[in-house]
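In what follows, a structure is listed as structure tokens, so that the remarks can point back to it.
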Amino acid sequence: MDEERIRERERLQIEQIRELDFEELQVEEVDYLHDSDSDDDNDVDLSAFPFSSHAQASGNLGDDELIFNPALSSLHTYLGEVEDTPNRIAFADGGTVLKIPLFYLEGVVLFPEATLPLRIIQASFLAAVEKALNQTNAPSTIGVIRVYREGAQLKYASVGTTAEIRQFRRLGDGSFNVITRGQQRFRLVRRWTDIEGFPCGELQIVEEDVPLRTPRDAFGKLVPLSKLQGRSPLSAMTLSTPLKDMDAQSVANSEESFESALSPSEKRLHYSVVDSIFYNSASSEDDLVVNTSDMQSSGSNPYSSRSIGCLASDHDDEKEDGQSSISKTPVSQEICQKQNRLANFRGNTDLSRFRMAPRAFWPFWLYRMYDSYYLAQRAADLWKQIVGVPNMEAFVNKPDILSFSIASKIPVSESIRQELLELNGVSYRLQREIELLESFDRVRCKHCQTVIARRKDMLVMSNEGPLGAYVNPHGYVHEIMTFYKANDIALTGRPVEKDSWFPGYAWTIANCATCETQLGWLFTATNKKLKPSSFWAVRGSQVADDMC
């Protein structure tokens, strides 16, 4: 019922856009060709627009102006009405071998949970969809593999993603409009051409690893040495305990409980180390040598804040045997002062920090490099800071899903995204994504290296994120990243409203002004009441790997 209400609301919004009086488009090409660093352009900063809902704008926008709803583009309404697919299969176990139809797509990298629209025209691929819908071992499932060119040679990736046909529509001319969803990664074992002419493949589902936390014993406060005697190394290592539990247990060990559990030899070692730290940092004079042999066998600390007042106060009293105290000399006064300073140092210093040490072989920061949950939080924070939409906080406790979600939406080149798909291990994928988010700044033409856009010009026009896949009427799938400003781009032809991926916008072909390669399209609102008034869509397959 919720899905039906959402669809009905989206239909009404589309009708509102279509009911607007279409006006003649006026494209100010001079503004778009300005360098993105220029401060003189009059474009509105679209990054400030609340693109999360289709509502009337406020502030500088008129009351009758509409902000584009990014949910419209994620629904792929240009494909028309589609029906849900029955008898869909659940996830296959890791290592499962399937024989299913393959779709080779140039310029497209599909990730688990990502949406992929398809327009099926060729007879061979129509037969492939028919087989996928009716096959028994993996109903409504196809395999998607990226193909790419190296010179005149066409090459196939070795890792792809299964796609579940979730919705489809058979048109009057026999073609199919299909909406699929990425499911699981696979390794291609072998491929062949079916008797009906479409490609098939034998593929093995990748068994994904389980996200790991930092081992609790990789860093934290050491328990008393006497308590570690007789304990096996394995009993001290707990891999699955959350770090916050470790911290709570460590805080419970107070200073007194620590000292009371030490043996006499351990106490002598402990206090001599603390004393040396104090004298090295607090005094420029010769170090005071503490005679640890005079310590009582009971293990009491003669220099603790409880036992030290000052030699001046203690030695002024007569001893039990009636002898007079020795007159204070300059040396004894100096020792008394240092002992008082030592007592104050201990009283005002959290000695627990001196017992912070790794209990595992490697230091704690090295373990955190592979803590999937720590990396997931860091990646989500970077995504929120740099991209913003969609919010990744919901997936912080699911690092595997978060890693695929970021990989499917991050606006980088096609080959880098294929690299992310082929990475095994959640922590390795998150590390690479963090590196990309931190270094991503410029978008360059793949062929001439001209800077065509910058990170600060990025614009999210879909709920899917700043990068998404769309299919044109001829069946070609394009992954595009959207920007509200671009430079060194030349327009070709007039704006066209038909088959637009974004309702209410007309598209114009955009080429690199330097090498004349088609980089993407300029989308312009068909009515001035619709905001943003224009934006650029750049093809991911035409973007260089160097994003710095």
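This one's a predicted model, so the numbers in the text were calculated from it and none came from an experiment.
In terms of heavy-atom proximity, Ala128 sits nearest to Pro101 at O-CG, 3.7 Å. Nearest heavy atoms, Leu116 versus Ala469: CD1-CB, 4.2 Å.
When only modelled atom types and interatomic distance are considered, Thr85 and Ser140 share no side-chain donor-acceptor pair under 3.5 Å. Counted by atom type alone, Asp381 and Gln377 present one or more donor-acceptor pairs between their side chains at under 3.5 Å. Between the side chains of Asp488 and Thr450, no donor-acceptor pair is found at a separation under 3.5 Å.
Looking at heavy atoms from C-beta onward, Ser403 lies in side-chain contact with Glu433 at the 4.5 angstrom threshold. Within the 4.5 Å cutoff, the side chain of Lys155 has heavy atoms near those of the Tyr148 side chain. Looking at heavy atoms from C-beta onward, Lys131 lies in side-chain contact with Asp194 at the 4.5 angstrom threshold.
The ring-ring contact (aromatic ring centres under 6.0 Å, His included) with Trp521 is formed by just one residue from the set Trp536, Trp501, Phe502; it is Trp501. Remark: of the listed residues Ser500, Ser534, Ser533, Ser500 is the sole one forming a side chain to side chain contact (heavy atoms under 4.5 Å, CB included) with Phe523. The side chain to side chain donor-acceptor pair (under 3.5 Å) test with Asn424 is passed by exactly one of Arg429, Arg185, Glu208: Arg185.
The 12-atom threshold is exceeded at CD of Glu393, counting heavy atoms of other residues, nucleotides or ligands nearer than 6.0 Å. Heavy atoms of other residues, nucleotides or ligands lying less than 6.0 angstrom from CD of Glu113 number more than 12. Atom CG of Asn134 has more than 12 neighbouring heavy atoms from other residues, nucleotides or ligands inside a 6.0 Å radius. More than 12 non-hydrogen atoms from other residues, nucleotides or ligands lie less than 6.0 angstrom from CD of Glu438. Summarising the local packing, CD of Glu207 is surrounded by 12 or fewer heavy atoms from other residues, nucleotides or ligands at distances under 6.0 Å.
The pair Arg432-Glu435 meets the salt-bridge criterion, since a charged nitrogen lies less than 4.0 angstrom from a carboxylate oxygen. Under the 4.0 Å criterion applied to side-chain N and carboxylate O atoms, Arg146 and Glu422 are not assigned as salt-bridge partners. For Arg190 and Glu202, the salt-bridge test passes: some basic side-chain N is under 4.0 Å from an acidic carboxylate O.
Annotation: the span from Ile100 atom CD1 to Cys200 atom SG amounts to 9.0 Å, rounded to 0.5 Å.
In this structure, Thr482 contributes its side chain and Leu459 its backbone to a donor-acceptor pair below 3.5 Å.
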Side-chain donor-acceptor contacts of residues 537-548 below 3.5 Å, not counting sequence neighbours, with atom names and distances?
from: Arg539; atom 1: NH1; to: Gln518; atom 2: O; distance (Å): 3.3
from: Gln542; atom 1: OE1; to: His447; atom 2: NE2; distance (Å): 3.0
from: Asp545; atom 1: OD1; to: Ser413; atom 2: OG; distance (Å): 2.5
from: Asp545; atom 1: OD1; to: Ser415; atom 2: OG; distance (Å): 2.5
from: Asp545; atom 1: OD2; to: Ser415; atom 2: OG; distance (Å): 3.0
from: Asp546; atom 1: OD1; to: Cys548; atom 2: N; distance (Å): 3.2

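Checked against the 6.0 Å centroid criterion, the rings of Phe535 and Tyr505 qualify as a close aromatic pair.
Between Phe111 and Phe404, the two ring planes are tilted [angle within 30° to 60°].
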(request) Please report the C-alpha distance between Leu79 and Val471 in whole Å, then the side-chain angles of each, then the deciding distance to 0.1 Å, and finally whether the side chain to side chain contact (heavy atoms under 4.5 Å, CB included) criterion is met. (result) CA-CA 9 Å; Leu79 292 177; Val471 61; 3.9 Å; yes

